[in-house]
S.K.: 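One structure, pasted below without further comment.
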Amino acid sequence: MNAPADLAARTARVERDTRETMIAVELNLDGSGRSQLATGVPFLDHMLDQVARHGMVDLAVKAEGDLHIDAHHTVEDVGIVVGQAVAKALGDKAGLVRYGHAYVPLDEALSRVVIDLSGRPGLEFHVAFTRARIGSFDVDLAHEFFQGFVNHALATVHVDNLRGANAHHQCETVFKAFGRALRMAVARDPRSGGAIPSTKGAL
Ligand SMILES: [Mn+2]
């Protein structure tokens, strides 16, 4: 017997090659938080590890980008391909919770992320980083990751860092809260009867 359709594995593999980056992502939304990350940008690997761990998704990301220029294309394009993988793994979104939110603190820092797997791209990103760089990582790239993600996951995401003094903590709480919010939004709603969570009947 096949598993019921609503319990089918929600996995995706997406590859994207451009003149700037070559990226492969494997995703299991019903995973256990395992990750295998090799983007060439260590701080991005650290952030994606948080998404996998706290999102309870299995995530493998391999990227070869034009890092001799800077990390911009690589970080943006990883956001794009992770977004594509989420959209592909979700399929028609039947039985989905759809909305997710989380607050995550780390010492003095506190961030909130709210997700709607709405079918429409939208990003509100409100993070006043206290430093321009975290090690060699340009903090502007956090926004680029999420812009790439929402454009291709077709999701509305509101990111707010509510307080924080340490830029590493600010960024890490954003990615941890994103993972937790994603976990909630992609969860299956056992009361849904497999319905698509929209009065329109489509997302
Ligand atoms: Mn850290």
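Numbering of ligands and ligand atoms starts at 1, following listing order.
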S.K.: Without hydrogens or angle criteria, can the side chains of Glu20 and His72 be said to hold a donor-acceptor pair below 3.5 Å?
M.R.: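 Their side chains do not contain a donor-acceptor pair, so the 3.5 Å distance test is not met.
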S.K.: I need the full list of ring pair (Phe, Tyr, Trp, His ring centres under 6.0 Å) pairs touching residues 8-37, with sequence neighbours left out, sorted by first then second residue.
M.R.: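 Of all non-adjacent pairs touching residues 8-37, none passes ring pair (Phe, Tyr, Trp, His ring centres under 6.0 Å).
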S.K.: Sorted by chain and residue number, which protein N/O/S atoms are under 2.8 Å from the Mn ion (ligand 1)?
M.R.: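 For the Mn ion (ligand 1), the protein N, O and S atoms that sit under 2.8 Å away are His46 NE2, His168 NE2, Glu172 OE1.
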S.K.: Show me the side-chain donor-acceptor pairs of residues 193-203 shorter than 3.5 Å, one per line, residues at least two apart or across chains.
M.R.:
from: Ser198; atom 1: OG; to: Lys200; atom 2: N; distance (Å): 3.0
from: Ser198; atom 1: OG; to: Ala202; atom 2: O; distance (Å): 3.4

S.K.: Applying side chain to side chain donor-acceptor pair (under 3.5 Å), can you list everything that pairs with Tyr99, at least two apart in sequence or on another chain?
M.R.: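 Result, side chain to side chain donor-acceptor pair (under 3.5 Å) vs Tyr99: none returned.
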S.K.: Kindly state whether the ring of Phe43 and the ring of His168 have centres lying under 6.0 angstrom apart.
M.R.: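 Yes, close enough.
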S.K.: With a 3.5 Å cut-off and no angle check, do the side chains of Asn161 and Ser111 form a donor-acceptor pair?
M.R.: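 Judged by distance alone, the side chains do pair up.
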